[in-house]
Amino acid sequence: MQIRSDFDSGNIQVLDASDPSRVRLAIRKDFASEHFQWFHFLAEDLMPGQTHRFSLENAPQSSYKNAWTGYQAVASYDGEDWFRVPTTYDEGGLHFQLTAEQPSARFAYFEPYSRARHARLLVRALALPNVALVACGSSLQGRELPLLQVRGTATAPRKIWLIAQQHPGEHMAEWFMEGLIERLEQPDAELRALLAEADLYLVPHMNPDGSFLGNLRTNAAGQDLNRAWQAPSAERSPEVLFVQQQMARIGVDGFLDIHGDEEIPHVFTAGCEGNPGFSPRLDALEQEFRERLVAAGEFQTAHGYPRDEPGQANLALACNWVGQTYDCLAFTVEMPFKDHDDNPQPRTGWNGARSKRLAQAVLRVLAALAPRLR
């Protein structure tokens, strides 16, 4: 058996692949960082009809070791149709298996969103008559960081920002952005109502270096971008610095930061209740956003992160920094690496298609809220 990870978002170390009934592997650490959890590899020369078993032996030492309990790895024969495979976890590692139907298969932590697909998504977006590339930043390794404007029809529109995949292993975030672009391709009365009130500003992928390198959490400098918003620098976090500069130029009336969570098997949000400037107005907007999203899509409010105490927010996080700086509705939207347990789908768990549908539900909520953002 041959094991490869020399491709976009690939990450694996081969310890011993001589026994197909127990292939011993390890997850490589993030580039310039101690974080690790994301994996993605191609197994070739499989024997159809034979059960192949894989063990990630350093999983108990990973960044979020509690995330493996209840988790099922994903596999694909063609890189398009991804499905969950039987998976167990113990002190010896994460173990999953596949009875091969074809001579090669990919395995990953979550359904990957490739750089090639990202390029095609930009072409689709820019083909729309009301979408423009208004600025383009650069990552540390020179990959483009496009900022798209979806133009509304108001004379003085509000500005709603959506950014995705600050943490590079959270590929569900750009699947979400694809769902948003697809919704823009099919305008209806609801979408027209949103664009009558607001322009949208989209950064489809905040951390292209990290994703290409197969990182979980950090960029090419080993920086967690979602801990860099208080003091971004050109040397370590130019991606955040670029977005902040564009926000200062354009303005912000609403903000969503799209993420994935390793441990919690639910879709949820984290708000700005701990910000020093959090007000009854923002509290009411947060509550309405959540209530409307419960009604519109796969979302719930019973499970999530503990709420921050007043004045105790970490302002290095994008959601908190933007909400405080611009006195606006700001949310982190979290999707699971596992499944959304309120609506389990065993074959796929949470996946790209469900991330896309969530984006369309979020646009529905924003259409209702936009007139009251300011």
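Hydrogens, waters and symmetry mates play no part in the numbers below; they use all other heavy atoms, side chains included.
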_Ring-ring centroid check Tyr109 Phe337, cutoff 6.0 Å_ = yes
*Plane angle bin for Tyr64 and His35 - parallel if under 30°, tilted between 30 and 60°, otherwise perpendicular*: parallel
*If the plane angle is over 60° it's perpendicular, under 30° parallel, otherwise tilted; pick one for Tyr77 and Phe83.*
tilted
_Taking salt bridge (Lys or Arg N to Asp or Glu O under 4.0 Å) as the definition, give me every residue that meets it alongside Arg106, ordered by chain and number, with sequence neighbours left out._
none
*Between Phe96 and Phe107, does the ring centroid distance fall short of 6.0 Å?*
yes
*Under 4.5 Å between any side-chain heavy atoms of Glu298 and Trp350, yes or no?*
yes
*Are the side chain of Arg364 and the backbone of Ala296 linked by a donor-acceptor contact shorter than 3.5 Å?*
yes
_Checking Ser62 against Gln37 for the side chain to side chain donor-acceptor pair (under 3.5 Å) test, could you report, in this order, the C-alpha distance in whole Å, the side-chain angles of both residues, the deciding distance, and whether it holds?_
CA-CA 6 Å; Ser62 63; Gln37 191 109 11; 3.3 Å; yes
*Do the side chains of Ile12 and Phe7 join up, straight or via other hydrophobic residues, at under 4.5 Å, putting them in one cluster?*
no
*What orientation do Phe39 and Phe41 show, parallel under 30°, tilted 30 to 60°, or perpendicular over 60°?*
tilted
*asked:* Would you call the rings of Trp161 and Tyr201 parallel, tilted or perpendicular, taking 30° and 60° as the class edges?
replied: parallel
*Using the ring of each side chain (for Trp, its six-membered ring), is Trp321 parallel, tilted or perpendicular to Trp229, with breaks at 30° and 60°?*
tilted
